[in-house]
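Input: a single structure, listed below in structure tokens.
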Amino acid sequence: MAQGKFKEVDNKVNFPRLEENVLDFWKKEKIFEKSLEARKDNERYVFYEGPPTANGKPGIHHVLARVFKDLFPRYKTMRGYYVPRKAGWDTHGLPVEVEVEKKLGFKGKEDIEKFGVAEFNKLCKQSVWEYVQEWERMTERIGYWADLENAYVTYDNKYIESGWWILKTLWDQNRLFKDYKVTMHCPRCNTSLSDAEVSQGYKDNVDDPSVYIRLRLPESEAVRLPFGPAAAQGLPVSFLVWTTTPWTLPANTAAALKADAPYILARPNEEQETYILAKDLAPKLFGEDGFETLGEAQGSDLVGFEYQPLFKGVDLYSQPVDVSAAYRTITDEIVELGEGTGIVHIAPAYGDLDVGRRAGLPTLFSVDLSGKVLEAFPQFNREFFKKADPHISRDLKERGFMWRMGRVSHTYPFCWRCDTPLLFFAKDSWYIRTTSVKSELIANNNKINWYPGHIKQGRFGNWLDNNVDWAISRERYWGSPLPIWQCDKTFKYECIGSVAELEQKVGRSLQELDLHRPYVDELTYPSPFAEGGTMRRLPLVLDCWFDSGAMPFAQVHYPFEHKEDFEPVHFPADYICEAVDQTRGWFYTLHALGTLVKQQPTFKNVICLGHILDGEGLKMSKSRGNIVNPWDVLNNQGADALRWYLYTANPPGEPRRFSQDLVSESVRRFLLTLWNTYSFFVTYANLDQPDLTTKVPVDQRPVIDRWLVSRLNALIRDVTDMLDRYEVTGPARAIEAFVDDLSNWYVRRNRRRFWKSESDTDKLAAYQTLYEALVTVARLSAPFIPFVSDEMYRSLVQVVESDAPESVHLCDWPVADTSLIDEALIKDTATVIRVVSLGRAARSAAKLKVRQPLLEVLVKPREASEGAGLTRFKQQVMEELNVKDLVVVEDGADIMSYNVKANFKLLGPKLGKQLGAVQKALGNLDGSLIAANLRNGQPVEVTLESGETLSLAPEEVLVEAKQREGYAVVEDGGYAVALNKTITPQLKREGLLRDVVRFIQAARKEADYQISDKITVFYRVTKDANNLASDLAEALSEPESVRYLQTETLSTAVSEGSQANPAAFTQDVELDGATLQLSLLKN
RNA sequence: GGGCGUGUAGCUCAGCUGGUUAGAGCACAUUCCUGAUAAGAAUGAGGCCACUGGUUCGAGUCCAGUCACGCCCA
């Protein structure tokens, strides 16, 4: 014997337990390490892990991301690439701080300062590791191979230092600068709120002022208006603006119009003033007939008019500002005509910063960070901004600027902590000037392969098109420190690019220093800008998105290390994968820094995953309590089941509903089918010990084997092609379809070849073909289902090839032998399967059970070319359908009735509207006659209702089979299968024999006999009906029938009578109303 | 409010460049097969292909609008 026995397969397989054992094997034998070691001199495949934050338990959506991340590194490893996978952890940021603040019961920054930044950051650092073990356990259990031991951590000094280097690089390029940034600010807590915090605090039905302000045009400006010299009738002209925040009016710098909207000069009845406002909104404001239109112009024609300032503008410190560019009309895309006047009051400091930038406006202020009106406006007495509203309104009214005052009810944000109304506030912030490389960002994006494709030009492309500079500084504590020091005399800045540089400045070693606040804040050095000046660090930290975006550089401490091999060994990435919410997060920050620092895309291929929804299609959230704990699934169905479900359920970009039932379905549909096939093979191979090393050449195997080989090689080809295009669902579904064919066609069709006692080439071919298919499927599915595939592979291969790799994950990816792909054979077999399926339907419809042999089946294929294939596999169809003969009939054969229809595809373009009439006329013709004509290649003449006669070529009409007397016919999709319903006495006896065989088999099993036990059979009809006794007697009078029955049931004798032996197994069975007593006795 | 995406059977999904009667799997009912058996096969029922309009001889498919849902942004 060429090989030993295969490991027994437990057909009551417990996948979770199997997986645990595989995990132990991987760990013990260091399979992951070996898979890397074996490829380490090969070409690199670069994968970047987007770092998660481990301060919460991992959920099912994390599993989703991880299994998609895992797939391609495993695949590429098998393809021969070296694929190191460094794990990483995101550790900084506001969410971490908020978590710790909550624990400590803090209300704001003051509490943190009081508590001590050093201690606070220590707690932050601890908290990010709170769930790290849970994460590692999940990561390992789902088979996500990553180097967790050497994971990068964003709070490491080395990691931070690489970030500093990037900033210094940008500083030297003049791309790091300070400007205002509008944030949602709580004046009581004196802090900015994150978007998440803001969205928690919105309140509806907030009562606020609603005021309409006159922005008056001086005479000199009014005459320039495009309405004509006399339009204003000599009356004063104002732009009319609307706002709900009077407190921002002292900060007003411009009035914005919509460029492509019509505006009018209007004079309301009873008023000695004229106003410019949007044409569409005038009736709403003045009443339908409440005004006179004096002129009309486009918004774009009303730009550049200087109006009279409402207040004298100042900066945040109440100092005068250069306002030469202010107090004029502009156009901007933010202007809409939904409400107000169509002219928007612009106060850049309090929300319209982008508008201000676009128009080159100065930034003026009216209130300070505590929400109080600035000293520059003493008339308002340093009041809180909301309280100042009525006073400001009254002041404007007294001075004639107020047109109308009222109240409005709308939605407004409040601080989630202290319930104070928030205000938009432009604060100093440090920016990366990403807009300076906007066209490069767009060009580089065009080089990226996005999956799904629409993200590229859609969500991500739009985001780049509307690129704004990236605000990277935060007034917080737990984060990478901003490496900018400022001179306390000249206020000049300096950016530090490395620890060594800083050491040189401060004149001592910093090797022991934690680069975080507050320690880094304590480092000062003499100013190079002014004698006696001191450089102090700005007390700011970096946006944690900067940390994660810097990951390609920082994870290898570039450029302080890996300077030589950085490209292309560590950069750029071949593949990344995260959920779709990262488009403006990690995907963007990676892309931006790659373009800024390396002038190229950071990643070449990206899969963008949709979110996981619950079984009802709702988003999973803690508050809804509909979160699925991954462990429930991992412990019940197992990791491979979960993985397979996630790969096959739907395209990765779309949101997916999740429920355990769906995972169970994927177990039954795929994993169990595969497992049963494997189990079948092992069971018989262990009995037969076939030689699997001396191959039977493929061309000497039976055609059904060649079909499977063909199908298998086509599968390898297709799966490889699709994976190379970063498709996931496609290849997984293709494997699933193959396994279905393997189990439900190949194995089912060939069972007898495995059972038979003689060990001939045919049997060997069957074993080898099935074996090759199973081993290849194990290898193809290894990246998808790493556990089950490895279990199968190891037990299948190690017995046969002693020098084979010890794990499927150390194997090479299969290569398709295209010379073995016989497309015609694959197609013919598909036709056979289709026809068999229809034949069964016909049997079922006519209530003719498959055990009952029938005389013949007539088959009309869809296309004539398929007839040859059917004839070729006549035997298979006859066996499957239990019929004595198969006849392929062509259109027109005088065996069925026919319906004739128009070929829409061909005739549509030719006939156009006539088509309907032609179809109707065809219906009136004699189908059989036409069909016969067509067979001879004759055209069809049709006469339309209109009297017109047309001649149709044979290919322009289609023929459909219809029911025929004496036959059970089923027709579907162009195929027709007709079973001859006649049952001759001979056929009836044959059917009877098969019934008896089946009953004996069932009895054998019930009696618990071994498959190989020989038996003696006694039978007796105890209640006769339908001539059972005589039919049976007659059937068993033929020696051939007796031989058939004995072979099938492994019986040495079959005789009529009862068996008194107490060891006998006796059973009564019902057969068409009769009762038959069977007694079995083991020899 | 804007951008992107999705809407096909009770559920999960296919449906290629428009073409004849829109398909699978699950679940349900009925039945069959059974030396893989906690498998397998068949049949049945179940569809205004979200809605409205348009283009076309012909629309699930293309166009426009509406509605619902999801994500991102405001």
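Atoms considered below: every heavy atom in the structure, side chains included; atoms not considered: hydrogens, waters and symmetry mates. Naming: A, B, ... by sequence-line order, numbering from 1 per chain. Since we're looking at a predicted model, the values are computed, not measured.
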A:W463 CH2 to B:G2 C1': how many Å, rounded?
-> 14 Å
Please tabulate, one pair per line, each protein N/O and nucleotide N/O from nucleotides 25-30 of chain B that are separated by under 3.5 Å, including the distance.
from	atom 1	to	atom 2	distance (Å)
B:G25	O2'	A:E665	OE2	3.4
B:C26	O4'	A:E665	OE2	3.4

Considering only the P atoms, how many Å lie between B:C48 and B:U66, rounded to the nearest integer?
-> 24 Å
Between B:U8 and B:G44, how far is it from one P atom to the other, in whole Å?
-> 24 Å
A:L774 has an atom CG; how far is it from atom P of B:A36, in whole Å?
-> 16 Å
What integer distance in Å separates A:R753:CZ from B:A36:P?
-> 16 Å
Mind checking the P distance from B:U61 to B:G15? Whole angstroms is fine.
-> 15 Å
Taking atom C1' in both B:C51 and B:U6, compute the distance separating them and give it to the nearest angstrom.
-> 16 Å
Would A:T648 and A:E736 count as a side-chain hydrogen bond (donor to acceptor under 3.5 Å, both in side chains) if you check the C-alpha gap in whole Å, the side-chain angles of each, and the deciding distance to 0.1 Å?
-> CA-CA 9 Å; A:T648 52; A:E736 192 169 286; 4.5 Å; no
To the nearest angstrom, the NE2-C1' distance between A:H611 and B:C4 comes to 14 Å
Dot-bracket line, read 5' to 3' along RNA chain B, where crossing pairs take [ ] and | marks a partner on another strand, Watson-Crick or G-U under 3.5 Å | (((((((..((((.....[...)))).(((((.......))))).....(((((..]....)))))))))))).
Find the distance A:Y451:OH to B:G5:P and express it as a whole number of Å.
-> 15 Å
Output the single nucleotide from B:A36, B:C4, B:C71 whose closest atom is nearest the side chain of A:R748.
-> B:A36
A:I455 CD1 to B:C73 C1': how many Å, rounded?
-> 14 Å
Identify which nucleotide among B:C71, B:A36, B:A14 has an atom closest to any side-chain atom of A:R733, counting heavy atoms from C-beta outward.
-> B:A14
State which of B:A36, B:C71, B:C73 makes the closest approach to the side chain of A:R584.
-> B:C73
With rounding to whole Å, what would you report as the distance between B:G60 and B:G47 at their C1' atoms?
-> 11 Å
Work out which heavy atom in A:S666 is nearest to a heavy atom in A:A641; give both atom names and the distance.
-> OG-O, 3.3 Å
To the nearest Å, give me how far apart CG (A:D332) and P (B:G1) are.
-> 20 Å
Taking for each residue the nucleotide of RNA chain B bearing the nearest heavy atom, is the 5' side occupied by A:T648 or by A:T583?
-> A:T648
When the C1' atoms of B:U55 and B:A64 are considered, how many whole Å apart are they?
-> 11 Å
side-chain contact (heavy atoms from CB on, under 4.5 Å) with A:Y451: which of A:K456, A:E727, A:R725?
-> A:E727
Pair of N/O donor and acceptor under 3.5 Å linking B:A39 base with A:T673 side chain | no
Determine, using ring centers only, whether A:F587 and A:W450 are less than 6.0 Å apart.
-> yes
Please list each protein N or O that sits under 3.5 Å from an N or O in nucleotides 6-8 of chain B, with the distance.
none

Do we see a donor-acceptor contact under 3.5 Å between the side chains of A:W470 and A:D543?
-> yes
Considering non-hydrogen atoms only, spot the tightest contact between A:L742 and A:A773 and give its length.
-> CD1-CB, 3.9 Å
Sole residue of A:W675, A:F754, A:Y746 in ring-ring contact (aromatic ring centres under 6.0 Å, His included) with A:F680 | A:F754
Distance-only polar pair, side chains of A:N750 and A:Y767, donor-acceptor under 3.5 Å = no
Span that lies between the C1' atom of B:C28 and that of B:U21, in whole angstrom | 25 Å
Just say parallel, tilted or perpendicular for the rings of A:H591 and A:F460, cut-offs at 30° and 60°.
-> perpendicular
State whether A:N466 places a side-chain N or O below 4.0 Å from either non-bridging phosphate oxygen (OP1 or OP2) of B:C73.
-> no
Among B:A36, B:C73, B:C4, the one nearest any side-chain atom of A:R751 is B:A36
How many Å lie between CH2 on A:W586 and C1' on B:C72, as a whole number?
-> 19 Å
Does CZ in A:R17 sit with more than 12 non-hydrogen atoms of other residues, nucleotides or ligands closer than 6.0 Å?
-> no
Provide the distance between the two C1' atoms, one in B:G19 and one in B:C62, to the nearest whole Å.
-> 14 Å
Does the side chain of A:Y645 come under 3.5 Å of the side chain of A:S664 through a donor N or O and an acceptor N or O?
-> no
Correct closest heavy-atom pair for A:A732 and A:Y647 would be CB-CB, 4.3 Å
How are the rings of A:H185 and A:F425 set to each other: parallel, tilted or perpendicular (split at 30° and 60°)?
-> tilted
